[in-house]
Amino acid sequence: MKRILVIGAKGMLGGDLMSVLLSSFPNDEIYGWDIEDIDIQKEESTFLKVEKLRPHIIINIAAYTDVDGCESNEDKAFAVNAEGAKHVALAALRCQAKMVYLSTDYVFDGKKREPYLESDPPHPLNVYGHSKWKGEQYVQELMKDVLIIRTQWLYGRYGKNFVNSILRQASEKRILSIVNDQIGSPTYTADLAKAISTLIQFDARGIFHVANSDLCTWYTFGQAILKLSRMNKVKVIPISSKELARPAVRPSYSVLNCQKLKKETGLTLRPWSEALKEYLSADRQSMSGTDR
Ligand SMILES: NC(=O)c1ccc[n+]([C@@H]2O[C@H](COP(=O)([O-])OP(=O)(O)OC[C@H]3O[C@@H](n4cnc5c(N)ncnc54)[C@H](OP(=O)(O)O)[C@@H]3O)[C@@H](O)[C@H]2O)c1
């Protein structure tokens, strides 16, 4: 029997990952910790806590994920996303646990204009991307066989996300402005959680890109959310990132090439539009999806 520890278990991905692991590893012990159980910024207490449990696998999905907030809170971004990742990796080394670290498409600058391979050199544009890349570097330097999973544009039922934000705004306004010059692949946390579980079952090591298939801009994604929610009367206006003027610069293109996942596990995540349809129908009760 294995002990599998998820750190960041109460976050958006964490909720789905916990249920997937509980059903995929029925004979193992699954532990879900979050900030109230362990603060990965604190090296000594992270060691003590982890050593007490002696897990066989640690999945570190804890992070400071407020991309704009990271710009004005650089210290916190690096303390959690980079130093925190290092502390967890050192704790994993001490108990010889296998380590999984979640990273992001924002390690790339978007200049490639073709889907990014795992081997493409990172060049982050914002503090969040820098801090996550530093986290990748730390865990790779410390552990040769770590599994790093880069993903992007997450939404799911356990956290604040773009889909819910569009639905909320559409229930309040007649016109929405959405950015149309960033291209990526919206990814449903339920699908990502299954892929993480599969990669663990395959004992995968190294870097893997994991995202739902097909690409779009936030504008097209927004239109699809409204159409599927039958909010056809809300007008959507495409705007540029410059017009939106958010504190953190985002890559204009951050599509991830997920062929390595397919090659090594046979898995391809379904197109984002199918995943979105399922998410919206599953959560219709709890969201403001009324006709207008
Ligand atoms: N969201 C995306 O679009 C996206 C895209 C690419 C990659 N990722 C990566 O995927 C992973 C999961 O993302 P997510 O969206 O599920 O994140 P999330 O919802 O923000 O969840 C992260 C969890 O980590 C906790 N946490 C923060 N600081 C911590 C600390 N010092 N010690 C222990 N726990 C701490 C958070 O608690 P609080 O909420 O109390 O802070 C939260 O429960 C992250 O590694 C993220 O970088 C996310």
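Numbering of ligands and ligand atoms starts at 1, following listing order.
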Inset, instruction - From atom 8 (N) of ligand 1, work out which of Tyr128, Tyr155, Trp153 has a heavy atom at the shortest distance. - result: Tyr128
Legend entry - Pair Lys112 + Asp120: basic N to acidic O under 4.0 Å: yes
Inset, instruction - Using heavy-atom distances, let me know which of Ile38, Asp39, Thr189 sits nearest atom 33 (C) of ligand 1. - result: Ile38
Inset, instruction - Verify the neighbour count for atom NZ of Lys260: are there more than 12 heavy atoms of other residues, nucleotides or ligands below 6.0 Å? - result: yes
Inset, instruction - For residues Tyr155 and Val163, determine if any side-chain heavy atom of one lies less than 4.5 Å from a side-chain heavy atom of the other. - result: yes
Legend entry - contact_flag Ser103 ligand 1 heavy-atom lt 4.0 Å: yes
Legend entry - Nitrogen or oxygen of Ile40 less than 3.5 angstrom from that of ligand 1: yes
Inset, instruction - Measure the distance from atom 19 (O) of ligand 1 to every protein heavy atom, then report the residue, atom name and distance (to 0.1 Å) of the closest one. - result: Met12 N, 2.9 Å
Legend entry - ligand 1 atoms in contact with Thr104 (distance to a heavy atom under 4.0 Å): 6 (C), 7 (C)
Inset, instruction - Please determine if Asp34 has a nitrogen or oxygen closer than 3.5 Å to a nitrogen or oxygen of ligand 1. - result: yes
Inset, instruction - Using distance alone, with no hydrogens and no angle criterion, decide if Glu29 and Tyr31 have a side-chain donor and acceptor under 3.5 Å apart. - result: yes
Inset, instruction - Ignoring hydrogens, tell whether any protein atom lies closer than 4.0 Å to atom 15 (O) of ligand 1; use the non-hydrogen atoms only. - result: yes
Inset, instruction - Would you indicate which of Val80, Asp16, Thr46, Leu256 comes nearest to atom 28 (N) of ligand 1 when only heavy atoms are counted? - result: Val80
Legend entry - Close-contact set for ligand 1 against Gln41 heavy atoms, below 4.0 Å: 31 (N)
Inset, instruction - Check whether any heavy atom of Tyr158 sits under 4.0 Å from an atom of ligand 1. - result: no
Inset, instruction - Verify the contact flag for atom 3 (O) of ligand 1, where contact means a protein heavy atom under 4.0 Å away. - result: yes
Legend entry - N/O separation below 3.5 Å, Gly14 to ligand 1: no
Legend entry - Lys/Arg-Asp/Glu bridge criterion (N-O < 4.0 Å) met for Asp34, Lys10: no
Inset, instruction - Would you indicate whether the side-chain heavy atoms of Met99 and Leu147 approach each other to under 4.5 Å? - result: no
Inset, instruction - Report, in ascending order of atom number, the atoms of ligand 1 lying under 4.0 Å from any heavy atom of Thr65. - result: 17 (O), 18 (P), 20 (O), 46 (C), 47 (O)
Legend entry - Set of ring pair (Phe, Tyr, Trp, His ring centres under 6.0 Å) partners for Tyr128, sequence neighbours left out: none
Legend entry - Lys/Arg N to Asp/Glu carboxylate O, Glu51 vs Arg94, below 4.0 Å: yes
Inset, instruction - Around atom 11 (C) of ligand 1, find the nearest protein heavy atom and jot down its residue, atom name and distance. - result: Ile61 O, 3.5 Å
Legend entry - N-O pairing of Glu83 and Lys134 below 4.0 Å: no
Legend entry - Short side-chain donor-acceptor distance under 3.5 Å, Asp16 and Thr189: yes
Inset, instruction - Please confirm whether Lys132 comes within less than 3.5 Å of ligand 1 when only nitrogen or oxygen atoms on both sides are compared. - result: yes
Legend entry - Protein residue, atom and distance nearest to atom 48 (C) of ligand 1, heavy-atom basis: Leu154 CD1, 3.6 Å
Inset, instruction - Please check if a non-hydrogen protein atom sits closer than 4.0 Å to atom 39 (O) of ligand 1. - result: no
Inset, instruction - Could you tell me whether Arg270 and Asp191 have a side-chain N and a carboxylate O separated by less than 4.0 Å? - result: yes
Inset, instruction - Among all protein heavy atoms, pick the one closest to atom 21 (O) of ligand 1 and tell me residue, atom and distance. - result: Gly11 CA, 3.3 Å
Legend entry - Arg150/Glu136 salt bridge by N-O under 4.0 Å criterion: yes
Inset, instruction - Determine, considering heavy atoms only, which of Asp105, Leu102, Ile59 sits nearest to atom 10 (O) of ligand 1. - result: Leu102
Inset, instruction - Heavy-atom contacts with Lys10 under 4.0 Å: which atoms of ligand 1 show up? List them by number with element. - result: 43 (O)
Legend entry - Min N/O separation Leu13 to ligand 1 under 3.5 Å: yes
Legend entry - Pair Asp181, Ser252: side-chain N/O donor-acceptor within cut-off below 3.5 Å: no
Legend entry - Among Ala62, Gly156, Ala63, closest by any non-hydrogen atom to atom 27 (C) of ligand 1: Ala63
Inset, instruction - Establish, from distance only, whether the side-chain atoms of Gln182 and Ser241 form a donor-acceptor pair under 3.5 Å. - result: yes
